[in-house]
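Notes to accompany the following structure.
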Amino acid sequence: MTPSPYRMPGALFDAVAAGGGGAEALRFLARAEHSRRLAGAYAVTTAAREAGGPAAEEAARAWELFAAATRADPGATAAVLTHPAAGPALFGLLTRLTRRQERARSSLRVPMGRYTALAAAATVRAGLAARVEWPVDGAWVALPSLGRAHFPAARSGGRAVASVDTAGRALLSLTGRSPGDPAVPVPASPYRSAGRWHGAYPLETLAPDTPLLLDILDQPGFPNAVHRPDGLDADELRRWVTAAREACALLRADHPELYEELAAGTRQLVPLTAPGQGTVSGSSAETFGCVAMSRPTTATGFAVTMTHEMQHNKFAALLHLFDLLEPGPEGFYAPWRPDPRPLLGLFHGAYAHLGVARFWARRSESEPDPGLRAEAQVQFARWRLAAREATLVTLGSGRLTPLGRRFADRMLDTLDGLCRLPVPAAARRRAEATARAHRAAWRERNGNPRRPLSA
């Protein structure tokens, strides 16, 4: 396998840097992430072969399954490798294998079951006749991107078996299972729960064959993720469905580019435990296409949270393609955080809040309710200033690569344009007062930052 360079058109790079990019950008980044995951799977196989022993045999078998599934149905392998949970599984496993090679005399056995489970899921999706085994620990057996089966009588140290017949029908079972744990059929439509099979919850259809899913089954490991093995109750699921549909309707009507990006990129939500008030959200560099959040109480809150995290998704994927900054001293002030941030975190956050400012700029115009429109104007004034300040500090750090400077310059162009838009004086004063209070609280908590608090 000889990887070839991935090339991004300059105009598309600039469009993303300006804060958008639309569906074209998200599709490009999704292809790049798929390529990276495929390279990651190959790297796991290679590292396991070099480690030797059972890990080498398991990895070789999994790679053969990936290859066979790809020949039968390339989309099947792509769907599994681009599933958000596949990223942490692949690169976490690669890290463990590499460390094991560095400690060659260690007796630590690297668990390869997660890699085989990914290959089993690709086999099932492709309808490829095969029998795949891997070790499991616990009563739940996952086929990543499809769902999971419950085996209440499971014992530790067991093995899962995915069996696909010549007609493409799949069963999931355990070796040595008790009579109380018969095999579980894998439904042809994975987003459906039936008996002991549990699939992700479809919240809304973003585009043909593109559901927005709520997944509590195969989460990529976010802190504070909701843990409910038996699924959400009907009332909680109904609240998520209502909130998601209202937010998507708002984005479709008033933020079409944002909606196009959502439909082309983000497909999975992971519910987080709600804080005392407000909404908490997050994303990860290795979980492209996934947003973790507590359930917002309003459509606007849901929509702006999705906007914020989609920006992080785009930036993280771009950083897998290009070096935008050099290492150096940390401890920067970020106008949205209580703690000092590394320059990478400041850059990331500035880009996310550029998207937030663009969102509130549009809400300031389209929100029909006068009170909510006034609040949108405050939010717009607040976050355009915060994102611009952080972008200027990033540009002045002396640590951006030429591409990083080009990216930040495009960000600044957009933010300068947003700062020229008129905002009522009362909204501007409230935003500035909030910014000053945040600076004062940050100084009291952390002392002076490495860079000035004002641009």
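Quick note: residue numbers are just sequence positions, from 1. Remember, it's a predicted structure, so these values are computed and weren't measured experimentally.
Rounded to the nearest 0.5 angstrom, Met310 CE and Thr305 OG1 are separated by 10.5 Å. To the nearest 0.5 Å, atoms CG (Leu26) and CZ (Arg31) are separated by 11.0 Å. For the atom pair CG of Leu65 and OG1 of Thr123, the computed distance is 4.5 Å after rounding to the nearest 0.5 Å. Expressed to the nearest 0.5 Å, how far CG of Leu325 lies from CG of Leu344 amounts to 5.5 Å. For the atom pair NE2 (His308) and CG (Leu354), the distance works out to 11.0 Å, reported to the nearest 0.5 Å. For the atom pair Leu232 CG and Arg238 CZ, the distance stands at 12.0 Å (nearest 0.5 Å).
Between Tyr42 and Phe66 the shortest side-chain heavy-atom distance does not fall below 4.5 Å. A heavy-atom distance below 4.5 Å is found between the side chains of Thr242 and Glu246. Using a 4.5 Å heavy-atom cutoff, the side chains of Gln377 and Trp360 are not in contact. Within the 4.5 Å cutoff, no side-chain heavy atoms of Pro211 are placed close to those of Leu203. No side-chain heavy atom of Thr116 sits less than 4.5 Å from a side-chain heavy atom of Arg61. Using a 4.5 Å heavy-atom threshold, the side chains of Leu143 and Trp197 count as touching. The shortest distance between side-chain heavy atoms of Asp14 and Arg410 falls below 4.5 Å. Arg363 has its side chain out of reach of Gln379: every pair of non-hydrogen atoms, C-beta onward, lies at least 4.5 Å apart.
In this structure, the ring of Tyr201 has its center no less than 6.0 angstrom from the ring center of Trp240. Ring centroid separation for the pair Phe288 and His312 does not come in under the 6.0 Å cut-off. In this structure, Phe13 has its ring center no closer than 6.0 Å to that of Phe28. Between Phe359 and Phe380, the distance separating the two ring centers is not shorter than 6.0 angstrom. Remark: aromatic rings of Trp140 and His198 are close, center separation under 6.0 Å. The aromatic ring centroids of Phe347 and Phe332 lie 6.0 Å or more from each other.
For Asp323, the CG atom is loosely surrounded, since the number of other residues' heavy atoms within 6.0 Å does not exceed 12. Within a 6.0 Å sphere centred on CG of Asp413, other residues, nucleotides and ligands contribute more than 12 heavy atoms. Dense packing is recorded around CD of Glu257, with more than 12 heavy atoms of other residues, nucleotides or ligands lying under 6.0 Å away.
In this structure, Arg439 is not positioned above the aromatic face of Tyr333 in the sense of NZ or CZ being under 6.0 Å from the six-membered ring centre and within 45° of the axis.
When only modelled atom types and interatomic distance are considered, Gln311 and His348 share no side-chain donor-acceptor pair under 3.5 Å. No hydrogens or angles considered: a donor-acceptor pair under 3.5 Å links the side chains of Arg125 and Ser145.
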Could you please spell out the steps behind the side chain to side chain contact (heavy atoms under 4.5 Å, CB included) verdict for Met8 and Leu318?
CA-CA 10 Å; Met8 185 176 194; Leu318 199 80; 3.6 Å; yes

Let me see the working for Leu262 and Cys248 under side chain to side chain contact (heavy atoms under 4.5 Å, CB included), right down to the final yes or no.
CA-CA 9 Å; Leu262 172 63; Cys248 287; 4.1 Å; yes

Please assess Leu319 against Leu324 for the test side chain to side chain contact (heavy atoms under 4.5 Å, CB included), listing each intermediate value before the final yes or no.
CA-CA 7 Å; Leu319 286 171; Leu324 300 184; 3.8 Å; yes

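Nearest heavy-atom pair, Val80 versus Ala122, reported as atom, atom and distance to 0.1 Å: CG2-N, 3.5 Å.
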